[in-house]
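Heads up, the thing below is written out as structure tokens.
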Amino acid sequence: MQNCNKTKHVWKKVNSETLMKSVFWSCAALTVISITFIGGFILFNGLPFFAHTNIIDFLLGEYWMPSGEIFGIFPMLVASFCGTLGAVVIGVVIGISTAIVITQILPEKPANILSKTIDLLAGIPSVIYGFFGLMVIVPLIKKYFGGISGGLSLLAVIIILSFMILPTIIRMTEVSLKAVPNEFKEAAYALGATPLQYIFKVQLRAAKSGIITGVILGIGRALGETMAVMLVAGNSPLIPESILSPVRTVTANIAMEMGYASGVHQQALFATGVVLFVIIISINVGMQFLIRRLERS
């Protein structure tokens with residue numbers, strides 16, 4: 001009887017493990033299939049465009065005039081690159097500093113309150129950020145800096161994107177800093193290091209892979225953002241002459257014109273999506289390579 005009960009118990013355990021493995025494999029397969037399907041759909045609809053315009057003219061062309069079948073996305077690539085770069089620079093400085101304050105400087109209760117507030121920022125819809133930028137940031141830029149579009153500018157894009165990527169960078173940096181073993185801190189203090197020396201020379205270096213991962217996620221968020229950018233950018237498909245110039249990003253261009261585009265124009269928008277897809281994948285692969293090299297060093 002006991003042997004029979006043991007056999008049933010083992011059989012149930014094996015069945016449950018097999019079931020859970022099947023569930024996990026199914027979820028993983030679904031993720032891969034979804035990504036493959038999305039990528040394939042974009043490629044299928046975008047690649048035929050290059051029979052109309054070669055890829056060099058498409059990437060380096062300075063004019064976007066669908067009515068004349070002239071498609072150049074260089075101004076929008078410049079706007080997306082500059083907006084993302086500016087936002088990441090601001091986001092990294094403020095985000096890492098905030099994470100250090102939460103993990104090393106503030107007492108536990110204020111730190112928890114600040115951490116939860118940052119989590120709330122991550123849940124705010126992008127259109128709300130856009131409204132905030134349109135009603136607050138843009139008028140302030142117009143008042144103090146001027147500009148040809150009344151504050152709608154690359155600067156407004158940078159500020160709004162920096163707000164939007166901050167929660168990601170702060171959270172990833174905070175988790176990475178907390179994961180550093182306490183023995184590192186004790187050893188540093190035993191050797192005579194000050195708290196700031198420990199933070200900047202030991203803790204940040206030990207947490208560098210997690211911090212870089214947060215930066216990668218922030219770059220992806222900034223490159224892919226659409227609605228908030230559309231509201232504050234000015235939507236001018238021209239190369240920006242200064243940080244106060246109105247711009248149009250790659251994602252904003254797709255969102256604005258896809259609703260009425262057809263024929264070659266629609267193919268051009270899908271081709272733009274292909275370019276954006278390749279850029280984001282390239283950034284992720286490059287950053288992962290960098291993380292592996294840093295972990296070895």
Side-chain angles (χ1 to χ4, degrees), residues 31 83-130 132-133 136-137 157-225 228-229 280 283-297:
T31 301
T84 300
L85 179 63
V88 168
V89 170
I90 295 173
V92 166
V93 173
I94 297 177
I96 294 178
S97 300
T98 304
I100 291 173
V101 169
I102 292 174
T103 57
Q104 296 295 324
I105 298 175
L106 284 179
E108 184 176 354
K109 288 186 178 180
N112 288 335
I113 293 173
L114 180 57
S115 182
K116 291 177 181 177
T117 303
I118 292 167
D119 288 338
L120 289 176
L121 286 176
I124 296 175
S126 60
V127 69
I128 302 301
Y129 282 105
F132 173 77
V136 178
I137 303 299
V157 171
I158 291 173
I159 294 173
I160 288 302
L161 288 179
S162 63
F163 276 120
M164 298 183 72
I165 68 175
L166 269 177
T168 302
I169 295 177
I170 292 173
R171 174 59 61 217
M172 290 299 299
T173 304
E174 180 186 347
V175 171
S176 300
L177 292 177
K178 287 181 177 178
V180 176
N182 196 50
E183 288 80 2
F184 285 28
K185 186 175 184 178
E186 294 174 352
Y189 285 171
L191 293 172
T194 64
L196 286 179
Q197 287 176 330
Y198 164 70
I199 291 171
F200 289 102
K201 293 186 177 182
V202 178
Q203 192 177 28
L204 287 177
R205 291 186 180 182
K208 58 190 174 186
S209 60
I211 295 172
I212 293 175
T213 301
V215 174
I216 294 173
L217 295 175
I219 291 174
R221 175 76 189 273
L223 275 175
E225 183 50 48
V229 171
I280 291 176
I283 290 173
N284 285 333
V285 172
M287 287 294 191
Q288 290 299 329
F289 177 75
L290 176 61
I291 289 173
R292 289 178 182 177
R293 290 201 62 179
L294 289 174
E295 286 177 346
R296 291 172 189 165
S297 62

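Other residues, nucleotides and ligands place more than 12 heavy atoms under 6.0 Å from the OH atom of Tyr189.
Nearest heavy-atom pair, Thr168 versus Gly214, reported as atom, atom and distance to 0.1 Å: CG2-O, 3.9 Å. Residues Gly95 and Leu166 come closest through the heavy atom pair N-CD2, 3.6 Å. The two residues Tyr198 and Ala188 have their closest heavy-atom pair at CD1-CB, 3.8 Å. Nearest heavy atoms, Ala228 versus Ser126: CB-O, 3.4 Å.
Every residue meeting the side chain to side chain contact (heavy atoms under 4.5 Å, CB included) condition with Ala122, not counting sequence neighbours, appears here in chain and number order: Pro167. Taking Phe200 as the reference, Ile100, Leu196, Leu204 meet the side chain to side chain contact (heavy atoms under 4.5 Å, CB included) condition, with sequence neighbours excluded. Residues satisfying the side chain to side chain contact (heavy atoms under 4.5 Å, CB included) criterion with Ile283, sequence neighbours excluded, are Ile219, Leu223, Ile279, Met287. Annotation: side chain to side chain contact (heavy atoms under 4.5 Å, CB included) contacts of Val92 (sequence neighbours excluded): Val88, Ile96, Ile169, Val215.
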Distance-only donor-acceptor hits, side chain of residues 158-165, under 3.5 Å, sequence neighbours excluded:
{"residue": "Ser162", "atom": "OG", "partner": "Ile158", "partner atom": "O", "Å": "3.3"}
{"residue": "Ser162", "atom": "OG", "partner": "Ile159", "partner atom": "O", "Å": "2.5"}

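Atom CG in Leu121 sits 5.0 Å away from atom CD1 in Ile124 (nearest 0.5 Å).
The shortest distance between side-chain heavy atoms of Ile118 and Ile102 falls below 4.5 Å. Using a 4.5 Å heavy-atom cutoff, the side chains of Met172 and Val175 are not in contact.
Each side-chain hydrogen bond (donor to acceptor under 3.5 Å, both in side chains) pair with one or both residues in residues 85-113, not counting sequence neighbours, appears once here: Gln104-Gln203. Screening residues 161-177 for salt bridge (charged side-chain N to carboxylate O under 4.0 Å, His left out), with sequence neighbours left out, gives Asp119-Arg171, Arg171-Glu174, Glu174-Lys178. Residue pairs meeting the salt bridge (charged side-chain N to carboxylate O under 4.0 Å, His left out) criterion with at least one member in residues 193-207, sequence neighbours excluded, do not occur.
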